[in-house]
Amino acid sequence: MHDRILKDKGLVVRHSRVELVEHWAIALSGLLLLVTGMFELPLANRYYITSVPGLGWSGDFVTTLTLHYAASVVFIAAAVFHLIYHGMLGERGMIPRAGDLKSSIEVIKTFFGKGEEPPFHKYLPEQRLAYVGMAFIIAMLILSGLIKTYKNIYAPDMSQTLVLWATWVHNVFFVLFILAFIAHIGALILKPNRPMIRGIFTGTVALDYARRRHPLWIDDLEPAGGDEAGPEAAQASDAGGAEEAMQQVIAQASLDMPAGTTSGQVAAGRPPVPVLPDQEAERQAGGTKSSPEAAGDEP
């Protein structure tokens with residue numbers, strides 16, 4: 001997984017370079033498809049767009065159609081790559097989950113000061129719903145567009161009913177794509193979502209923002225980030241464990257050592273003074289000297 005915490009920079013990697021490339025490939029080619037599609041209606045001549053310097057080509061149907069086809073190649077290739085790439089990686093973060101609709105309503109309420117947001121994972125519930133909606137729109141645009149293209153290039157005698165249906169579907173989802181595109185930009189403008197704008201350009205978001213709004217995601221990344229705390233922490237932990245083990249050894253030795261031997265002798269590594277059995281018996285009896293000097297004073 002490419003997601004990781006960059007603690008030294010105060011950032012979290014949210015999107016890889018591959019994801020950025022595929023995102024912008026779909027976005028820019030989709031924008032070009034919108035513009036050239038409107039020029040083919042034709043709107044350029046009707047609304048004097050051709051009079052704008054540098055946009056004289058917008059009134060040429062062949063030119064706009066050629067650009068439309070070229071953009072569609074990039075659009076379809078990026079969409080197919082997206083499905084294959086993330087499918088092979090087994091990523092399911094954008095797949096809607098149970099309760100996403102209800103959670104999305106609650107999140108929208110918080111934008112108006114009603115309630116508080118629950119902790120989120122990497123993606124917001126409304127992002128997952130929007131992802132599926134946009135994916136469906138894109139799929140219908142591609143399918144209907146391929147039928148129209150096949151008719152124009154290879155099968156001019158294709159069933160007119162099929163062509164009519166493909167044209168209507170393409171036009172309807174063309175409008176839906178515009179609305180979805182506007183909604184996508186509008187969602188980023190909202191204050192709570194503005195920190196995510198950085199992510200679509202650099203692939204990273206601020207760590208403090210991620211901790212505050214996506215704590216469940218950060219919790220998944222923290223163990224990996226925690227291992228990067230450095231060998232110093234591990235070394236300090238090992239040293240503390242060794243010191244505790246030494247204290248236990250000293251304590252055990254203090255319990256096992258003969259009477260009269262101090263723990264300082266054990267700690268200093270000096271062997272205890274041996275005590276003979278007869279001397280120990282006299283000591284327990286009490287009042288009798290057990291040292292050799294005392295034994296020499298006896299008559």
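Thr149 places no side-chain N or O within donor-acceptor distance of the main-chain N or O of Leu146, the cut-off being under 3.5 Å. Proximity of a side-chain donor or acceptor of Trp24 to a complementary backbone N or O of Phe201 within less than 3.5 Å is not detected. In this structure, the side chain of Asn171 does not engage the main chain of Trp168 through any donor-acceptor pair within 3.5 Å. Using modelled atom types, no side-chain atom of Thr202 and backbone atom of Gly199 make a donor-acceptor pair closer than 3.5 Å.
Each of Lys9, Arg14, Arg198, Arg4 was checked for a side chain to side chain donor-acceptor pair (under 3.5 Å) with Thr204, and the lone residue meeting it is Arg198.
Looking at every heavy atom in both residues, Pro192 comes nearest to Arg213 through O-NH1, 3.1 Å. The shortest non-hydrogen separation linking Tyr150 to Met158 is CD2-CE, 3.3 Å. Heavy-atom minimum distance, Phe120 versus Val107: CZ-CG2, 3.3 Å.
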In sequence, state the C-alpha distance, the side-chain angles, and the governing distance for Glu222 and Arg211, and then conclude on side chain to side chain contact (heavy atoms under 4.5 Å, CB included). CA-CA 10 Å; Glu222 284 288 6; Arg211 289 189 187 278; 2.5 Å; yes
Assess whether side chain to side chain contact (heavy atoms under 4.5 Å, CB included) is satisfied between Ile147 and Trp165, documenting all intermediate values. CA-CA 10 Å; Ile147 294 176; Trp165 272 105; over 6 Å; no
Assess whether side chain to side chain contact (heavy atoms under 4.5 Å, CB included) is satisfied between Arg97 and Asp100, documenting all intermediate values. CA-CA 6 Å; Arg97 304 172 185 176; Asp100 275 354; 3.9 Å; yes
Dump the intermediate steps for side chain to side chain contact (heavy atoms under 4.5 Å, CB included) on Val12 and Asp3, then the final yes or no. CA-CA 7 Å; Val12 184; Asp3 299 354; 5.7 Å; no
Could you go through the salt bridge (Lys or Arg N to Asp or Glu O under 4.0 Å) check for Arg212 and Glu117 one step at a time? CA-CA 10 Å; Arg212 172 173 51 83; Glu117 286 186 345; over 6 Å; no
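Using a 30° and 60° split on the angle between ring planes, Phe39 and Trp57 fall in the perpendicular class, above 60°. Using a 30° and 60° split on the angle between ring planes, His82 and Tyr131 fall in the tilted class, from 30° to 60°. Note on ring orientation: taking the six-membered ring where Trp is involved, the planes of Phe173 and Phe136 are perpendicular (angle over 60°, cut-offs 30° and 60°).
For the atom pair Lys148 NZ and Lys151 NZ, the distance stands at 8.0 Å (nearest 0.5 Å). Atom CG of residue Leu31 and atom CD1 of residue Ile178 lie 10.0 Å apart, to the nearest 0.5 angstrom. Leu34 contributes atom CG, which lies 9.0 Å from atom NE2 of His68 (distance to the nearest 0.5 angstrom). Note that CG of Leu124 and CD of Glu126 are 4.5 Å apart. Values are rounded to the nearest 0.5 Å. Going from atom CD of Glu40 over to atom CE of Met38 covers 11.0 Å, rounded to the nearest 0.5 Å. Between the CG atom in Leu67 and the OG1 atom in Thr36 there is a gap of 6.5 Å [rounded to 0.5 Å].
Residues Leu32 and Phe75 fail the side-chain proximity criterion, which asks for heavy atoms closer than 4.5 Å.
Linking ILVMFWY residues whenever their side-chain heavy atoms come closer than 4.5 Å, directly or via other members, leaves Leu20 and Ile84 in distinct clusters.
Centroid-to-centroid, the aromatic rings of Tyr209 and His214 come within less than 6.0 Å.
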